[in-house]
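Written out below as structure tokens is the structure these notes cover.
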There are 2 protein chains.
Amino acid sequence: MAFTMKEVVERTGISPYTLRFYEKEGVLPAVDRDANGVRKFSDHYVDCVEMVQALRSTGLPLAEIKEYAELYKSGNRTLPLRKMMLLSQKNKVEDQISRLMKALEKLNYKLALIDAQENRFERLP
Amino acid sequence: MAFTMKEVVERTGISPYTLRFYEKEGVLPAVDRDANGVRKFSDHYVDCVEMVQALRSTGLPLAEIKEYAELYKSGNRTLPLRKMMLLSQKNKVEDQISRLMKALEKLNYKLALIDAQENRFERLP
DNA sequence: TTACCGGGTTACAGTTGCTCGAAGTCAAAT
DNA sequence: ATTTGACTTCGAGCAACTGTAACCCGGTAA
């Protein structure tokens, strides 16, 4: 199952610029190419892309994602370290979620104020 | 109630660099100064800072926060527009939260895999 | 055949949102 | 007297893209 660049872009929502950028930076491994040098992405590669995307979406810097990828390549010896990284990131994500919830509350509060304000206008003689 | 820069930094967690940057960019209004040109922040100003922080923490670009601030300055005439901005941002925040939840699930899944892996090691003869 | 399309390459400039250092001023505190 | 901690402007640097330029290459359609 080999995907084209276009398909991977559709599947992941990551732009081709970014995919190439990740590859260049070593965040993603070098992609297989066909005879013409055209990238063909394997299922497993797409899984990698999705993992990078997930980590990135939590704000983990590329440098650390790269580190994680390298640990992954180094085999099972690095499992405990990778586990620690994931646990630490899990905590950060939980923090982020609660911060977003707070922001959401603030937004709702502001919206409620605006509603009150609007109703005051409507009640003017 | 006037606060010093230091107090505002402590209260909001925003760095002095960033506060000055926001002011310079017009995201925050010009601050009152004392005779020596030292910034003194009013209660209301700190509220503004917190609103900017909340909006920013949701990923709203500074340009749009600035726009919002300008609408705010223009008075009640702009209420409906501001309401729409807040509603749109509310939706985005909800999206973000659900994306983070997904990322969290993925992390938990990976962690579960690692646990399974670790247990397999422990069971080796 | 020619034209176009969609892919490839390198290289580099631009954007956003900070983050920080340099280099200087000034006033109050030790 | 000196240190502390504000302030100023300017400008560089960073992360993570995002996009442009200028080129190549192979397959398909008119």
Side-chain angles (χ1 to χ4, degrees), chain A residues 2-42 45-46 48-69 89 92 96 99 103, chain B residues 2-42 45-46 48-69 89 92 96 99 103:
Chain A
F3 304 105
T4 66
M5 172 70 80
K6 216 179 172 185
E7 284 164 340
V8 177
V9 168
E10 274 159 21
R11 228 158 265 252
T12 62
I14 298 183
S15 80
Y17 298 125
T18 307
L19 283 170
R20 285 194 271 260
F21 175 71
Y22 283 175
E23 196 187 343
K24 196 177 65 183
E25 297 292 305
V27 174
L28 286 169
V31 194
D32 291 346
R33 313 290 182 110
D34 69 11
N36 302 320
V38 176
R39 285 171 175 81
K40 33 179 206 172
F41 301 84
S42 67
Y45 199 95
V46 175
C48 288
V49 173
E50 277 166 3
M51 185 62 187
V52 169
Q53 184 179 33
L55 291 174
R56 193 64 203 93
S57 79
T58 70
L60 197 65
L62 287 185
E64 282 176 53
I65 298 179
K66 191 177 167 179
E67 203 187 320
Y68 180 88
Q89 197 54 20
K92 282 182 196 152
Q96 280 179 62
R99 258 184 291 113
Chain B
F3 304 105
T4 67
M5 171 70 82
K6 214 181 173 186
E7 285 163 339
V8 177
V9 168
E10 274 160 18
R11 228 158 266 251
T12 63
I14 299 183
S15 81
Y17 298 123
T18 306
L19 283 170
R20 285 194 272 258
F21 175 72
Y22 284 175
E23 196 188 341
K24 195 175 66 183
E25 298 292 307
V27 174
L28 287 169
V31 194
D32 291 345
R33 312 290 182 110
D34 69 10
N36 302 318
V38 176
R39 284 170 175 81
K40 33 176 206 174
F41 300 85
S42 67
Y45 199 96
V46 175
C48 288
V49 173
E50 277 165 4
M51 185 62 187
V52 169
Q53 183 179 33
L55 290 174
R56 194 65 203 93
S57 80
T58 70
L60 195 66
L62 288 185
E64 284 177 50
I65 299 179
K66 191 178 167 179
E67 203 186 319
Y68 180 88
Q89 197 53 22
K92 282 182 194 150
Q96 280 179 63
R99 260 185 289 113

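Lettering follows sequence order; numbering is per chain, from 1. Here the structure is a predicted model, which is why all the values come from computation and not from measurement.
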Please step through side chain to side chain contact (heavy atoms under 4.5 Å, CB included) for the pair B:R39 and B:F3, ending with a clear verdict.
-> CA-CA 8 Å; B:R39 284 170 175 81; B:F3 304 105; over 6 Å; no
Apply the test side chain to side chain contact (heavy atoms under 4.5 Å, CB included) to residues B:Y45 and B:L28: give CA-CA distance (whole Å), side-chain angles for both, the deciding distance (0.1 Å), then the verdict.
-> CA-CA 8 Å; B:Y45 199 96; B:L28 287 169; 3.3 Å; yes
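- The minimum heavy-atom distance between A:E7 and A:A2, with the atom names listed, is OE1-O, 4.1 Å.
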Yes or no on salt bridge (charged side-chain N to carboxylate O under 4.0 Å, His left out) for B:E23 and B:R33, after CA distance, side-chain angles and deciding distance?
-> CA-CA 13 Å; B:E23 196 188 341; B:R33 312 290 182 110; 3.6 Å; yes
Quick tally for nucleotides 16-22 of chain D: nucleotides whose base has a protein heavy atom under 4.0 Å get B, sugar-phosphate-only ones S, the rest -, giving SBSBB--
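- Side-chain contact between B:V31 and B:K40 is absent, with no heavy-atom pair separated by less than 4.5 Å.
- Counting heavy atoms from C-beta outward, B:K92 and B:T58 have side chains that stay 4.5 Å or more apart.
- Of all heavy-atom pairs between B:V27 and B:A69, the closest is O-CB, 3.9 Å.
- A donor-acceptor pair under 3.5 Å is absent between the side-chain atoms of B:Q53 and the main chain of B:I14, judged by distance alone.
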Under 3.5 Å between N/O atoms: give me all the protein pairs with nucleotides 3-10 of chain D, atom names plus distance.
| residue | atom | partner | partner atom | Å |
| --- | --- | --- | --- | --- |
| D:dC7 | OP2 | B:R20 | NH1 | 3.0 |
| D:dC7 | O3' | B:R33 | NH1 | 3.0 |
| D:dC7 | O3' | B:R39 | NH1 | 3.3 |
| D:dT8 | OP1 | B:R33 | NH1 | 2.3 |
| D:dT8 | OP1 | B:R33 | NH2 | 2.5 |
| D:dT8 | OP1 | B:R39 | NH1 | 3.0 |
| D:dT8 | OP1 | B:R39 | NH2 | 3.2 |
| D:dT8 | OP2 | B:R39 | NH1 | 2.3 |
| D:dT8 | OP2 | B:R39 | NH2 | 3.3 |

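- Residues A:Q96 and A:S57 share a closest heavy-atom pair of OE1-O, 4.5 Å.
- Close approach of DNA chain C to chain A, defined as any atom under 4.0 Å from a non-hydrogen atom of the protein, starts and stops at C:dG7 to C:dT9.
- Side-chain atoms of A:Y22 and A:L62, non-hydrogen and from C-beta on, do get closer than 4.5 Å to each other.
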